[in-house]
Every structure is written in structure tokens, then in C-alpha cells.
Colleague: 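I have a structure I would like to understand better, so I am pasting it below and will then ask my questions one at a time.
Whatever order the structure lists ligands and atoms in, that order sets their numbers, starting from 1. The first residue in the sequence is number 1, and the count goes up from there.
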Amino acid sequence: MFIKRQKSWAIRENLVTDEQHYLNRRRFLGGSSLLIGSAALGLAGCDNGLESKGGGRSGRDPISQTTGTSDFKDPTMDLYPAKLNDGYQVERAITSEDYTGRFNNFYEFGSHKQIAGAAQRIETRPWTVTIDGMVEQEQVIDIDKLIRSMTLEERIYRHRCVEAWAMTVPWTGFAMADLVRLAKPLSGAKYIRMETFKNTDWASGQKQSWYPWPYVEGVTIEEATNELAFLVTGVYGKPAAKQFGAPLRLALPWKYGFKSIKSIVRFTFTDERPVSFWEQLAAEEYGFWANVNPEVPHPRWSQATEQLLGTKETVPTRLFNGYGEQVAHLYKDLGAKEILYR
Ligand SMILES: Nc1nc2c(c(=O)[nH]1)N[C@H]1C(S)=C(S)[C@@H](COP(=O)(O)O)O[C@H]1N2
Ligand SMILES: [Mo]
């Protein structure tokens, strides 16, 4: 079933067949507090036990298969699990890694969800991150040096894809504000443009020339320094599996998921608003702001509700994905539609 190719929108079948896994997870969590992070639970390594009970996966161990970590030892392993920051918890159950690790958007590897196997081709070491543009001094930083210069913590965030599904994930990482501090932007800089790797040996999707590779995203500096903007190095209490966007991806929980760019190689500080990958393809559908807003439908579907991955539950969508308290002030001069587009 996992191997079967599905249209990117055909998530229903998956959601139904995964119910068993979800229930197991709930039982594992004891139904008491669903808000506990993987640091507290020591979740890393517990998934095998769940897997054997799950059924429907023909006895494989899909997590180790899809993460393909056997011959690669992550040099930052000793930093996990990081301390849970309990200022960032949510009322929803954490979506199981068994689900989120196999249902991904990563167009570099195809326009369907089952890219986890193919994504193992990313070579996450050596890896450098370039900080350039309107900064005091350009820097090319080794990823391990960067990670070790930051204080990692775990945060549980909701994630809302523009396709109307949602998940709840325990990310590990550091505040994007700390990267901005490290970059020392010049006073004229207003935006940060971010880029994913470009490597057709790894990512066959990047041979598709009708897409404007590399994947690009952008935020204002105010957004980047908002407390919620989080640079992710790990998920589920361990270094991020490649399909999640290792070794460094963004999490902007109040915006539609496509803003949360994966496998970042460059941060460019600029006074020009960046044009994102999706904005280049369809600006009327995927605007710069892309803040979650139940009142403004996508041109082709409603955004009023969202389906929780791994369950049959559909819940109302919340403005700014429920993070208005932290971010609404950034957009006070924008109208309902502008909150999304413009
Ligand atoms: N480089 C890159 N980053 C990306 C994407 C992508 O296709 N390429 N997809 C985005 C979308 S649409 C979503 S919903 C999230 C999905 O993250 P996940 O696979 O970890 O759930 O990644 C975002 N970041
Ligand atoms: Mo998405």
C-alpha cells in the first residue's frame, strides 16, 4: 500500500487504513496526557514496538527502511532528545511518525506523497549553509558547527498543509531569531530568501524543467524573528529523517506548510521581496503571506476545515492555525484575503 502511487490529493484511503496505527499510538500514550513531547517520553526507538502491532504493513519495518539510516551515523546524535520547551504545546494528539514519516510533500522527489524512500538519496554530510546578501559579512557555515552553536529544544507544533490536512509534530531545533542574530543583517534588509539544495543526482524531480528549481521561500525579518519561527534539525526526539527535510528545515506553524522549506542551503538577506517556488507557479493560489485562514478558500477548495492525518477526524481550521496570539500583530494592516495573498 505504501508503495502504491497515489494522486497527491487522494489521502482518504491512507487515512482510513492508518486508523489502527493511530489507535495503537493512543494506547501507548495511555490516553492521559497527549501533550507530552518525545523528550519526556523518550519516544525515539519506541516505534518498532508499535509497528509490530500495527498490521497492514506486511511485517516490514518501514521506518528504518524509509529513513535508511543504517550506514549513516548522524554526528549530532548526542544532542537528542533535546529539552521540551513546554511553552509550545497543543491540544491535539501527536501524529505518529509511522504516518508523518511516509506521507510527505517534497516535490524534489515527486509530486506524490510516497517520497520517503527516494529522499534517502540526500547526502546530509558534508553540508554547508550560506548566509549572504545584506549582512555584515557573508558566511559559509558547516551544518554541525551551526547546530552546535545553537541551543536545541523541542516544541510541539501544529502543521497545516494548504491541501487541507494537518499534523501535530514534536520538532527539535532552534529559534530562527538566533540565526538572524548570527547573520548580523544590515539595517536595509527587509526579507530573508531561503533556498533548498539543487542536485539532480539526488532528486530526480529536479530534472523536471517546468518547475522553477531550486525550491525557494521567503519571509520578512519580522516574521523570521517572531518567537514561533523555528529552524528544525530533528523530529520525534532524534535527528530529522531525510524526508522531513534534513539536515535543516523551517517550521512556520501559522502559515500553510509550503512556506516551511526543507533541506535549506542558503539564507539571503535582501530588501526585495522573494518570489517563492509556488508563487512563481501560481501566485493566485499560493501567495507570499500564506497565513492559514479558514475564511479565504483556495481557488479550488475550501479551507474551512482540515483533516487530522492518521485519523478520520475533521476539525475547523483556525485563523493563523491557532497562533494568532503570537503573530496577528504582524498582519494588522492586511485584510482577510491579503493575509493570505498580496
Ligand atoms: N524543498 C521543499 N520544501 C518543502 C516542500 C517541497 O516540496 N520542497 N513541500 C512543502 C509542503 S507543501 C509541506 S506541507 C511540508 C511538508 O512537510 P513534511 O513532509 O515534513 O510533512 O513541506 C514543505 N517544504
Ligand atoms: Mo503543503
Colleague: Among protein heavy atoms, which lies nearest atom 20 (O) of ligand 1, and at what distance?
Modeller: R249 NH1, 3.1 Å
Colleague: Do N105 and K113 have a side chain donor and acceptor closer than 3.5 Å?
Modeller: yes
Colleague: Closer than 4.0 angstrom, basic N to acidic O: yes or no for R160 and E306?
Modeller: yes
Colleague: Counting each atom of ligand 1 from 1 as listed, which ones have a heavy atom of F106 under 4.0 Å away?
Modeller: 1 (N), 6 (C), 7 (O), 8 (N)
Colleague: Return the residue, atom name and 0.1 Å-rounded distance of the protein heavy atom closest to atom 6 (C) of ligand 1.
Modeller: Y215 CE1, 3.3 Å
Colleague: Return a yes/no value for H159: is any of its N or O atoms, backbone included, closer than 3.5 angstrom to an N or O of ligand 1?
Modeller: no
Colleague: Can you confirm whether the side chains of W210 and Q208 place a donor and an acceptor under 3.5 Å from each other?
Modeller: no
Colleague: Check N105 against ligand 1 and report side chain, backbone, both or neither, counting heavy atoms closer than 4.0 Å.
Modeller: both
Colleague: Think K259 forms a cation-pi with Y286, using NZ or CZ under 6.0 Å from the six-ring centre and within 45 degrees of its axis?
Modeller: no
Colleague: Looking only at heavy atoms, is any part of E163 under 4.0 Å from ligand 1, and if so is it the side chain, the backbone, or both, or is it neither?
Modeller: neither
Colleague: Below 4.0 Å, non-hydrogen atoms only: which portion of F258 touches ligand 1? Side chain, backbone, both or neither.
Modeller: both
Colleague: Atoms of ligand 1 less than 4.0 Å from T196 heavy atoms?
Modeller: 1 (N)
Colleague: For atom 7 (O) of ligand 1, grab the closest protein heavy atom and report residue, atom and distance to one decimal in Å.
Modeller: Y107 N, 2.7 Å
Colleague: Mark up the atoms of ligand 1 that fall under 4.0 Å of a heavy atom belonging to C161, in ascending order.
Modeller: 14 (S)
Colleague: Answer with yes or no after comparing the ring centroid distance for F277 and Y211 against a 6.0 Å cut-off, counting only values under it.
Modeller: yes
Colleague: Ignoring hydrogens and angles, state whether a donor on the side chain of T233 or Y80 is under 3.5 Å from an acceptor on the partner side chain.
Modeller: yes
Colleague: Which residue owns the protein heavy atom closest to atom 21 (O) of ligand 1, what's the atom, and how far is it?
Modeller: M167 CE, 3.0 Å
Colleague: Show which atoms of ligand 1 fall inside a sub-4.0 Å distance from at least one heavy-atom site of N104.
Modeller: 18 (P), 19 (O), 20 (O)
Colleague: Salt bridge between E313 and R92, side-chain N to carboxylate O under 4.0 Å?
Modeller: no
Colleague: Do K238 and D74 meet the salt-bridge criterion of a basic N to acidic O distance under 4.0 Å?
Modeller: no
Colleague: Could you tell me whether the side chains of W278 and Y215 share a donor-acceptor contact shorter than 3.5 Å?
Modeller: yes
Colleague: Against heavy atoms of F244, which atoms of ligand 1 measure under 4.0 Å?
Modeller: 20 (O)
Colleague: In the protein, which heavy atom is nearest to atom 8 (N) of ligand 1, and how far is it?
Modeller: E108 OE1, 2.9 Å
Colleague: Do you see a donor-acceptor pair shorter than 3.5 Å between the side chains of Y191 and T268?
Modeller: no
Colleague: Using distance alone, determine whether S260 and ligand 1 share an N or O pair under 3.5 Å.
Modeller: yes
Colleague: Give the residue and atom name of whichever protein heavy atom lies nearest to atom 3 (N) of ligand 1, and the separation in Å to one decimal.
Modeller: K262 N, 3.1 Å
